[in-house]
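Indexing begins at 1, ligand by ligand and atom by atom, following the structure's order. Quick note: numbers below take in every heavy atom, side chains included, and nothing from hydrogens, waters or symmetry partners.
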Amino acid sequence: MRIAMCASEVVPFAKTGGLADVAGALPLALEAEGQDVIIVMPKYKMIQDSKFNIQRLKNDICCTTIGKKIKVYFIENDNYFNRDGLYGNKSGDHKDNLDRFSFYCKRTLNLLKEIGFRPDIIHVHDWQSCLIPVYLKSLYAKDPFYKDTKTVLTIHNIGYQGLFLKDEYPKLGLDWNYFTMEGLEFFDRINILKGGMMFSDVINTVSPTYAKEIQTKEFGFGLEGVLNKRRKDVFGILNGLDYSIWSPKTDKYIAKKFTPSSLSGKLKCKEGLETICKLPKKKDVPLIGIVSRLAAQKGFDILADSIDTICKMGLQLVILGTGDQKYHDIMEEMVEKYPKVISLSLKFDDVLAHKIYAGSDIFLMPSKYEPCGLGQLISLKYGTIPLVFKTGGLADTVNKNNGFVFDEYSSDDLVATVKKAVTTFKSKAKWNALVKRAMKYDFSWDEQSKGYLKLYAKAKAK
Ligand code: ADP
């Protein structure tokens, strides 16, 4: 099959979250299954040509190769992409995001024609590439080039929908006929994700549980009705992990490599992390790691309410992430109050993230909702025991055999579960057995990519 993967962020070129991990790893797994895959993404300012051997192809298009022969096409536009921040900066979302990503979608469809890549499937991800299925079924509806092309939409987080004022609609180049309940209209505003959901041939999200959850009022962010209408075409496929990037056996960023049968390196990683984070070396006290956006979705609301209590529980806490100013402030206050207990790095830092996954004992991920979650999958591989709220992909991947799970979303339940983990940590035999079990879980792409192939076949059959 010929598959064009269209995503607004792709590892190793640009990343703000799990979408990039998926969009970078899935093509490699599909190629290993014998599929013909290309990737199309915007060329952001931070993507360095020399680092990735990126060559110019056209005036506004550059290209490189990943895997064996997966071509990655970068769309350039100085006005739109040659700036800091993929989607926004400190003052919020970029004001011209509709212009930026509608341009990306249109240019992608023209580009595929120019390079003669006639896809069986265009696989789009999240709202930023959702105008592709919309344009295919409107502006390109009669284009013979795309006659047999089907679209698959993966929703990585239904909380981000690409909402814009109706005034901006003319910029899309679409007839007003499409600004209806059956199209992009959503409470008199433009909803790009909704457009993608209405016009894609097949829809999936990144875990079976989240696929069910988003069809309910509680998790659907207003789009549950749309999904319900399309429920026969809605599926859930758990994300995989690229173990060539995320494995303590081969990780080049960690203090010492380790495996389930030889765990001494993990202690070295913990010491290394404590040193970097300026925390005292305490091998008998559990070190809890967090690598996350600092947002209520990620559980920072209940964490903010309980952090003071948690800091007094005989543990260490290393937090890496950026997000809402409110949570930056609360966490900074805690660092002032408990400098020997908490370390806070308010930034995006891939290398430090690797060190945290490897050097922590527990990985805290109390997300209120979580489409799939990669943090818990990565931490399992590094023998860092996940502590999660039972929701979405966390519910599908963490259980009492490999981690700690709480099922009432409250600070009290969070604190009680941290207490349980701290107590278990004290029993060395129990803890080591848990670590070894956790490390043996396999969430590689090998299996999950087969799920996508079935999904593509379903789309093709439409
Ligand atoms: P999200 O909802 O943010 O996409 P996921 O758990 O699916 O959450 O994926 C998050 C990905 O981004 C993981 O690979 C995680 O390690 C990474 N990540 C998140 N925040 C940071 C950060 N501040 N620095 C480095 N990596 C980060």
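- A salt bridge links K43 to D49: one of the charged nitrogens lies within less than 4.0 Å of a carboxylate oxygen.
- With hydrogens and angles disregarded, a donor-acceptor distance shorter than 3.5 Å links the side chain of Q215 to the backbone of A211.
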Could you check H123 against T154 for side chain to side chain donor-acceptor pair (under 3.5 Å), going step by step and ending with a plain yes or no? CA-CA 8 Å; H123 187 164; T154 300; 2.6 Å; yes
Can you check ring-ring contact (aromatic ring centres under 6.0 Å, His included) on F74 and F13, steps first, answer last? CA-CA 10 Å; F74 298 94; F13 310 107; 5.1 Å; yes
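- Inspection of the Y357 and D251 side chains reveals no N or O donor paired with an N or O acceptor under 3.5 Å.
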Hey, what polar pairs (N/O, under 3.5 Å) does ligand 1 make with protein?
unit_1, atom_1, unit_2, atom_2, d
ligand 1, 2 (O), R293, NH2, 2.8
ligand 1, 2 (O), K298, NZ, 2.9
ligand 1, 3 (O), R293, NE, 3.0
ligand 1, 4 (O), G18, N, 2.6
ligand 1, 6 (O), L374, N, 2.9
ligand 1, 8 (O), K298, NZ, 3.0
ligand 1, 9 (O), G18, N, 3.1
ligand 1, 14 (O), K15, NZ, 2.8
ligand 1, 14 (O), D21, OD2, 2.9
ligand 1, 16 (O), Y357, OH, 2.7
ligand 1, 23 (N), K347, O, 2.9
ligand 1, 24 (N), D349, N, 2.9

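- The side chain to side chain donor-acceptor pair (under 3.5 Å) test applied to N97 returns R100, not counting sequence neighbours.
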